[in-house]
Protein chains: 2
Amino acid sequence: MDKMVQKPNYVEELLEILRSSLAADELQDQISDYHESDIADAFEQLTEEERRRLYPLLGPEWIAEIFTYIEDPDEYLKELDLGQAAQVLSYMDSDDAVDVLDELDDTTQEKLVGMMDEESSHDIKMLQSYEDDEVGSLMTTNFIVIHENLTIRQAMRELIRQAGENDNISTVYVIDKNDQFYGAIDLKDLIIAREKDALEDIISTSYPYVTDHEKIDDCIEQIKDYAEDSIPVLTEDKQLIGVITAQDLVEVVDDAMGEDYAKLAGLTAEEDLEETTTESMKKRLPWLVILLFLGLAVSTVVGIFETVVAVLPIVMCFQSLILDMAGNVGTQSLAVTIRVLMDENLTAGEKVGLVFKEMKVGFFNGLFLGIMAFIFIGLYIWLLKGNPVVHAFVISGCVGFSLMAAMVISSLVGTLIPMFFHKIKIDPAVASGPLITTVNDLVAVVIYYGLVWILLIHFLHMV
Amino acid sequence: MDKMVQKPNYVEELLEILRSSLAADELQDQISDYHESDIADAFEQLTEEERRRLYPLLGPEWIAEIFTYIEDPDEYLKELDLGQAAQVLSYMDSDDAVDVLDELDDTTQEKLVGMMDEESSHDIKMLQSYEDDEVGSLMTTNFIVIHENLTIRQAMRELIRQAGENDNISTVYVIDKNDQFYGAIDLKDLIIAREKDALEDIISTSYPYVTDHEKIDDCIEQIKDYAEDSIPVLTEDKQLIGVITAQDLVEVVDDAMGEDYAKLAGLTAEEDLEETTTESMKKRLPWLVILLFLGLAVSTVVGIFETVVAVLPIVMCFQSLILDMAGNVGTQSLAVTIRVLMDENLTAGEKVGLVFKEMKVGFFNGLFLGIMAFIFIGLYIWLLKGNPVVHAFVISGCVGFSLMAAMVISSLVGTLIPMFFHKIKIDPAVASGPLITTVNDLVAVVIYYGLVWILLIHFLHMV
């Protein structure tokens, strides 16, 4: 379809404005009409000199907002003196500030945190105290909180007071007189409430929350289910210390899926463009080494059938076909099983159901493909390889049957192995791939060469 | 780590409340303290009879909110009479209502849409007019919009008036006197504005937007970058007709990644538990059939080397090893390349850089694994297979060298093929997998048996 509407290129427009000779207030006024994400894109295209001229015009709060949209803000932070940098960091969401600080060396980090205002440095130290896989490391301390004993009017005034410093205003959190989490108010309800209504009536007291030391992986599905703009994070003793925002969630979901994706492909972690060759090697070698040894095991088993191949070399032509197909079917079952395990808590009955269904799919697909293989490979051996017609179709029959049998067993293996790893709490996406390939290879090789040996050589004495 | 905080089980609590004999208003009051997602979970555990008793107590608006959190609300919609069902649908976000309607038969659908209020049925017909992959099909028509010529006080009053019916209030959209999109106001800015400020000053007029016919895949990364609670959707002539919310985005990101994940595993689409065997077969067979024929091509090439195997059968033991390793390395490069292509727009230089980097990683990993294969396979042939030591290490040398060569070429193929498909606008996740397996198999087979033939048989006359 033709793009009939030409969207304006905000970044180009911004570059023009930023490079113009406009007076300071006119420049600020014009830039303020744009989204910080676009300003960030334009900002990255400026020269260092142009940026240095811009910093004083923007001021620390605006710079902080722009930095939120830049992937590696630490590069630009270095263009500011330490005092300015500390100010910018103070204005950033605490989780974003921590990400930036993590990129700097320890001395600079310490100096900067020391120069920040007390609240910001406290928040940053708190976030840094959590492990990377804990909810606490992901939260932002930027939210609105009020006491439960306020009137609607007082709550509204409190909101206006706090909104200046805090972005996440769509849910107003409520604490009781012991400063423990009490509930949450949807901003919408507060806005449409009448002055004489009781605040209590619009507070959801049984509001969902997560605790700071929970593992992110364990609660991500649950947080997604609530579909809120933010979810509160509590300590063990019910103190409200932060929130997880929907934006954080988009990032986590994106990252988590990317990681699984990478793991399925035999990488130990996701890679990006900037990585060095050595870093990439480290992420890929572990599985390759394991696979090499598993492959050696398969080779040893194939070695048992050396004599079969020696007397009937044509059969080895179809080994790669059967192994590849079994591998593919196993990967399909694996992918389906992993997705199901990730998304839902299966009962034992559902698990058995899934295994049977996979085997059924494997059987019928295998039957179909086995028959196709029987016909086409038979024709190939008969017409192109010039073998007698019966001879040709007995061999292709072995290939077809082995293909079907290997596909059924691969479906079974591709379903059981990830379930087993899931059960013993090992990430099935990591461990399953290589093991399934190996088991399927072994099964396929034994079935195929075993069948050829027994049927063709032992019974039919075809050689 | 021990779970020291026992989180309350809201769903259990709700079931107790819902099944109690509390008076209607007391029941409503207690339920209102809970999140709709938890109410939905409890609701699904009730018997039909219990639910039927509950519907009149909840009323259509609340039912609509609860249905938003249920995966297949159409099942429960059938428990309501048509008039009630139409009312519930009217209160749902238009995109959610469309999802429910899509599950019903055409007659019921038409009847229900006919019974809905004019605004809702208009919105639903509009959403249904878009293709599934267009932004328009994903948007909700539930947002706040004001005219640009209002004062701060008037804008605030308008917000309060519209907030009753519209959930997505964190951004207030602004249109001009021709009803064209003019800009957006961050709710926070409106709340903290003083009455004498000009509304114009807090409107971002160069606000990001998407157009209704844009492909979702084309703009999803861009929407993610803005990290907003909602992004406006405009028509060609700049009419504001809906918004995409962060929650919609979480779903889309999740789905998109799931799809890619499935495609990489050779499924044509993502599967779930409820699917029938036939549906699953249909999703898997296409690739398997293609793979069968590609596999036959590989078999034909292996057939050329039949004579090599006939005279030196031991070499066929290591075929599976080399092919599997080449396949794994190819998949690793593929996974990395697809992720990079999805996330960023690469310049030609960066593409060449990526190709070289992948080859470099392939080479060094191949060198390492090739040397390991040389040593271990040599020992295996010498000690376990009882071949002369020189003989053994000449063969294992061929395996090691072929392994390395195959890994370098697989890295190249695993990078170039997805780039090529991306260039010609075919989804690389779908098309790359099978092609890469086949090309890598062919390359590995030719290198390995070719090397054995030339070196061992032709030059060294080992047989």
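Since this is a predicted model, take the numbers as computed values, not measurements.
To the nearest 0.5 Å, atoms CD (Gln332(B)) and CG (Leu285(A)) are separated by 8.5 Å. Summarising the geometry, atom CD1 belonging to Ile304(A) is positioned 9.5 Å from atom SG belonging to Cys317(B); distances are rounded to the nearest 0.5 Å. Annotation: the span from Ser320(B) atom OG to Leu294(A) atom CG amounts to 11.5 Å, rounded to 0.5 Å.
Among the candidates Ile169(A), Asn365(A), Val302(A), Leu384(A), the residue making the largest number of heavy-atom pairs closer than 4.5 Å to chain B is Asn365(A). The residue among Asp441(A), Asp201(A), Leu323(A) with the most heavy atom pairs within less than 4.5 Å of chain B is Asp441(A). Listed options Asp41(A), Thr245(A), Leu187(A) were ranked by heavy-atom pairs under 4.5 angstrom with chain B; first place goes to Leu187(A). Per-residue heavy-atom pair counts under 4.5 Å with chain A were compared for Leu159(B), Thr300(B), Val210(B), and the maximum is reached by Thr300(B). Note: Leu292(B) leads Leu292(B), Val309(B), Val308(B) in heavy-atom pairs under 4.5 Å with chain A. Ranking Ile377(A), Asp38(A), Val298(A), Ile202(A) against chain B, the residue ahead of the rest is Asp38(A), based on heavy-atom pairs under 4.5 Å. Among the candidates Ser37(B), Gly295(B), Gly362(B), the residue making the largest number of heavy-atom pairs closer than 4.5 Å to chain A is Ser37(B). Your options are Arg161(B), Glu228(B), Met372(B), and the one with the most heavy-atom pairs under 4.5 Å with chain A is Glu228(B). Interface check for chain A: of the options Asp29(B), Asp229(B), Thr68(B), the most heavy-atom pairs under 4.5 Å are formed by Asp229(B). For the set Thr307(A), Thr205(A), Ile192(A), the count of heavy-atom pairs under 4.5 angstrom toward chain B peaks at Thr205(A). Annotation: maximal heavy-atom pairing with chain B below 4.5 Å, among Val301(A), Val289(A), Ile322(A), occurs at Val289(A).
You'll find the ring centres of Tyr226(B) and Tyr69(A) outside the 6.0 Å limit.
In this structure, the portions of Asp225(B) lying under 4.5 Å from any heavy atom of chain A include both its backbone and its side chain. Using a 4.5 Å cut-off between heavy atoms, Phe305(B) makes no contact with chain A at all. With a 4.5 angstrom heavy-atom cutoff, Asp186(B) does not touch chain A via any of its atoms. Heavy atoms closer than 4.5 Å to chain B are found in the side chain of Gln222(A), but not in its backbone. Neither the backbone nor the side chain of Gln30(B) comes within contact range of chain A; no heavy atom of the residue lies under 4.5 Å from a heavy atom of that chain. Looking at Ile191(B), both its backbone and its side chain come within 4.5 Å of chain A, counting heavy atoms on both sides. Only the side chain of Tyr10(B) comes within contact range of chain A, judged by heavy atoms closer than 4.5 Å.
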Test side chain to side chain contact (heavy atoms under 4.5 Å, CB included) on Asp33(B) and Tyr207(A); report intermediate values, then the result. CA-CA 7 Å; Asp33(B) 276 334; Tyr207(A) 200 78; over 6 Å; no
List the steps and the verdict of side chain to side chain contact (heavy atoms under 4.5 Å, CB included) for Leu296(A) and Tyr380(B). CA-CA 9 Å; Leu296(A) 283 175; Tyr380(B) 165 75; over 6 Å; no
Passes side chain to side chain contact (heavy atoms under 4.5 Å, CB included), Ser206(B) versus Glu13(A)? Steps please. CA-CA 10 Å; Ser206(B) 299; Glu13(A) 289 178 18; 4.3 Å; yes
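Under the 3.5 Å distance criterion, the side-chain polar atoms of Tyr34(B) are left unmatched by any main-chain donor or acceptor of Ser204(A). Within the 3.5 Å criterion, the main-chain N or O of Ser170(B) finds no donor-acceptor partner in the side chain of Ser170(A). Remark: the backbone N or O of Gly303(B) is paired with a side-chain donor or acceptor of Lys385(A) at under 3.5 angstrom.
The number of heavy-atom neighbours closer than 6.0 Å to CZ of Phe293(A), taken from other residues, nucleotides and ligands shown, is above 12.
Closest of all the heavy-atom pairs between Lys188(B) and Gly164(A) is NZ-O, 3.9 Å. Here the closest heavy-atom approach between residue Phe318(B) and residue Ser299(A) is recorded as CD2-OG, 3.6 Å.
Using a 4.5 Å heavy-atom threshold, the side chains of Asp324(A) and Thr438(B) count as separate.
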